[in-house]
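Taking it in order: structure first as structure tokens, then the write-up.
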Amino acid sequence: MDKAYNHKIEEKHLYAMWEKNGYFKPKKNPKKKPFTILMPPPNASGKMHTGNVLMIAIEDLLIRWHRMKGDPTLWIPGTDHAGTETQITFEKQLKKQGKSRFQYSREDLYNEIWKFVQDNKGQIEGQMREMGASVDWSRYRFTLDDAVIKTVHTTFDKMVKDDLIYRGNYMVNYCPKCGTTYSDVELKHEERIDPLYYMKYGPFILATVRPETKFGDTAIAVHPTDKRYKKYVGKDIEVEGLNGTFTLKVIADDFVDPKFGTGVVKVTPAHDKNDYEAGLRHNLEVKPVIDLNGKLNEKAGKYAGLSVNDARKKVVLDLEEKGLMEKIDLKYLHTVSLCKAGHAIEPMVLPNWFVKVDAPHKSFKKPAYEAVKKGKIKIFPKWREITYLRWMEEMRDWPISRQNVWGIRIPVWYKVADNLKVRVLFKYNEFNVAGEIGELMQSSKDGAKRIITGDQEKIAGSDGGTKAFTLAEIKQGLQRVFPLVDSSFVVANDSPGDEFIPETDTFDTWFSSGQWPLVTLGYPDADDFKTYYPTSVMETGWEIIRLWVSRMVMFGYYLTDKPPFEYVYLHGMVRAIDGRKMSKSLGNVVNPEDYVEQYGVDALRMGLIAGTANGKDFNFPKDRVIAYKHFGNKIWNMGRFILMMREQSEKEVPSFATVDQKKFTKEDKAVLKELDALIKKVDTELEKFRFADAAEAIYQFMWHTIADKYIEQVKEREDKDIALAVLLHVYMTNLKLLHPFMPFITEAIYQQMPEHGESIMIEPYPTA
RNA sequence: GGGCUCAUAGCUCAGUUGGUUAGAGCGUUGCAUUGACAUUGCAAAGGUCAGAGAUUCGAAUUCUCUUGGGCCCACCA
């Protein structure tokens with residue numbers, strides 16, 4: 001053995017040996033209860049961050065512990081397509097090449113992203129191996145595998161039949177110039193100075209930057225405690241407007257800031273996110289006045305057909321003329337949302353797909369709520385339960401459609417002849433064309449409307465503007481369809497016929513990953529599903545308890561009437577060394593690779609595990625990583641010393657089991673007694689998910705009891721053969737206890753010890 | 001603004017149902033050291049447990065308030 005432990009040499013080949021010998025596959029044993037963990041799938045095209053390392057460290061610890069105890073143990077690895085995130089990363093790449101997603105049809109874009117992910121997913125898989133994750137690679141899943149898509153489609157179909165799916169309106173970020181919607185994370189925010197208009201509204205004066213949306217107002221809101229306006233709350237008021245007088249209800253809601261403007265807000269649920277939310281709370285009518293071309297619609301009366309900007313100017317002039325404008329603050333600073341191309345975003349209410357989470361005929365969420373409330377699923381640490389339960393109580397219907405390409409397409413088709421009013425956006429040569437499908441199929445000479453973006457000059461000179469498109473042309477370049485809320489549809493995986501166009505929305509990632517326990521185990525009839533469902537522990541970061549954990553529980557009960565797992569263990573977030581959240585812009589990101597290189601995987605894993613005891617967030621514990629690196633070296637040298645002493649021993653060292661117990665000294669008896677106590681402690685701590693305490697106990701015992709005391713005493717002993725037999729036994733027992741925490745070094749030492757077996761991984765776990 | 005959470009040694013953190021002298025790692029100081037390990041050993045210093053009040057025979061631990069952090073969510077017409 002070398003004088004110092006060299007992780008760079010020892011960590012390399014051991015993983016390949018384990019994998020080759022098939023240790024990661026479960027050993028069936030009908031008499032024992034299986035222990036199963038499904039790995040929360042990291043982003044397939046990403047690379048490993050410290051949170052992933054902590055996740056793997058904890059899961060591998062539990063898995064190796066149970067495996068050594070002889071339980072049929074299964075850990076399934078996977079990766080996630082990470083819908084929005086991946087699409088944005090990919091689009092950034094396109095941008096570097098001077099391209100954009102609008103140059104691709106939906107299908108081509110999907111295929112390009114697929115290639116991109118395939119090119120990149122090797123990295124994270126390699127890193128899982130590097131971390132020592134003892135996962136069963138033969139059961140590996142990617143969230144866009146055919147089997148996953150099939151299950152998700154089947155579930156959707158069942159939910160449609162069970163009347164748990166409906167189409168409803170939902171507020172999205174829509175760009176009228178691009179003709180498409182954007183996700184929140186795609187938006188840019190820009191500070192601007194705009195006029196703030198104080199207009200007269202019946203008995204009130206209220207401030208707004210968007211007077212043109214007043215035609216969509218369906219209420220006026222004040223703060224509940226605002227004494228100035230208390231007498232109006234709940235009443236209907238008459239308002240003189242530009243298109244005659246109308247009536248609005250006055251509501252009281254906390255979202256109003258009594259200190260802003262006059263403390264009175266006009267509520268336009270169709271065109272403002274805040275107002276939309278307020279509208280849901282107060283059952284207000286959603287009255288859209290802006291259409292998908294960014295123009296005011298017929299509800300705006302004489303302003304119909306004007307663009308938003310033109311309408312604003314005209315409305316302001318007319319208000320002033322009518323004496324309805326109190327004053328204008330020209331220097332109002334606020335933030336506006338812009339699309340990637342820099343156009344103003346119009347918050348719009350568009351039809352989306354929803355899950356009814358608490359329908360009277362069948363509640364999707366209720367069993368999931370009760371499972372935790374009644375303790376059928378146990379959450380560690382327990383105080384996180386509140387987050388889950390509160391979320392479940394407040395949960396509203398779940399919008400499951402996303403206007404992304406990269407994801408699982410919602411398996412729905414629209415018959416064109418029955419849905420001529422449906423808008424589509426598609427690529428035709430170098431142009432992007434948008435319009436209602438019925439009109440696009442006629443020539444624009446007949447008055448059909450459309451938006452064509454691209455080279456305007458070229459369009460004017462060509463016949464592109466007058467063309468009547470065929471359905472095949474539209475479908476070939478199809479980028480997006482905008483079905484109406486009541487469009488008729490059929491559910492089918494494949495096209496039901498040429499006269500249909502597909503839904504282009506994809507599922508919310510959580511709709512598919514919420515079925516992770518089902519798709520990884522081959523629901524409904526695979527052997528794995530029968531054997532390993534429900535699984536044992538769901539181990540993940542607490543920040544996705546609402547997004548992910550809750551969905552898995554809901555789907556689990558909906559499809560199988562059982563919880564998908566018994567325990568949920570939520571680890572804390574790893575913050576940067578400076579105590580702030582890791583972020584690229586702060587430059588404080590801890591790259592696990594650097595620590596693996598310098599201190600080794602074992603030290604990194606152990607440092608992270610010891611750095612958090614109770615699931616709270618914690619700063620990256622650099623000095624613990626270093627401490628455990630030193631610890632590795634310490635136990636390496638203990639092994640070295642034992643081997644050396646055995647070689648030098650005059651008498652043959654007997655095996656521990658054959659030593660006559662009467663020959664034990666009081667030191668021997670004491671250390672053996674302490675060893676028993678340690679074994680018990682490690683077991684009870686691990687059962688309680690107190691990993692740091694178990695780690696600390698082993699560390700203290702090996703270093704300060706065996707090395708500092710017992711070994712020193714051995715040096716003086718007359719009966720060295722007995723002492724060495726005891727020492728080897730105690731040391732080997734500790735290596736086994738430590739293996740789930742520090743798999744590489746314990747295996748490396750084990751392989752050098754006398755009378756060793758094939759691998760420490762398959763040694764029986766110590767019992768007291 | 002809503003929710004959760006934290007404040008314990010110079011630093012980073014444990015302290016699980018309230019119960020002897022409040023612990024660890026790193027750091028600091030002194031001494032030691034050729035039968036493994038300087039990535040070592042022995043020893044020491046260092047805490048009125050953020051502040052105030054309450055409950056209790058007893059509070060770092062329970063409750064209330066104050067002060068100051070962190071994170072998540074929602075974001076201002």
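Note on naming: letters A, B, ... go to the chains in the order of the sequence lines (proteins, then strands), and numbering restarts at 1 for each one.
You won't find any donor-acceptor pair under 3.5 Å spanning the side chain of A:Asp617 and the base of B:rG70, going by distance alone.
Counting non-hydrogen atoms under 4.0 angstrom, A:Arg390 reaches the backbone sugars and phosphates but no base. Looking at heavy-atom distances under 4.0 Å, A:Ala207 makes contact with a base. Using a 4.0 Å heavy-atom distance criterion, A:His271 is classed as making no nucleic acid contact.
For RNA chain B, each stem of at least three Watson-Crick or G-U pairs (distances under 3.5 Å) is given as range with range: B:1-7 with B:67-73, B:10-13 with B:23-26, B:28-32 with B:40-44, B:50-54 with B:62-66.
For A:Arg640 and A:Thr262, each mapped to the nucleotide of RNA chain B holding its nearest heavy atom, the one lying further toward the 5' end belongs to A:Arg640. Mapping A:Met644 and A:Phe618 onto RNA chain B by nearest heavy atom places A:Phe618 at the nucleotide closer to the 5' end.
For A:Trp703, no side-chain nitrogen or oxygen approaches OP1 or OP2 of B:rA24 to under 4.0 Å.
Taking the six-membered ring for Trp and thresholds of 30 and 60 degrees, A:Tyr699 and A:Phe631 have ring planes inclined between 30 and 60 degrees apart.
Nucleotides B:rG27 and B:rU40, compared at atom P, are 9 Å apart to the nearest Å. The separation of B:rU17 from B:rU61, taken at their C1' atoms, amounts to 11 Å, rounded to a whole angstrom. Here, B:rA9 and B:rA52 have their C1' atoms 24 Å apart, quoted to the whole Å.
Computed from coordinates, the A:Asn619 CG to B:rC26 P distance equals 18 Å when rounded to whole Å.
Other residues, nucleotides and ligands contribute only 12 or fewer heavy atoms inside 6.0 Å of the OH atom of A:Tyr170.
Rounded to the nearest 0.5 Å, atoms CE (A:Met732) and OH (A:Tyr750) are 6.0 Å apart. The NZ atom of A:Lys249 lies 10.5 Å from the OG1 atom of A:Thr218; values are rounded to the nearest 0.5 Å.
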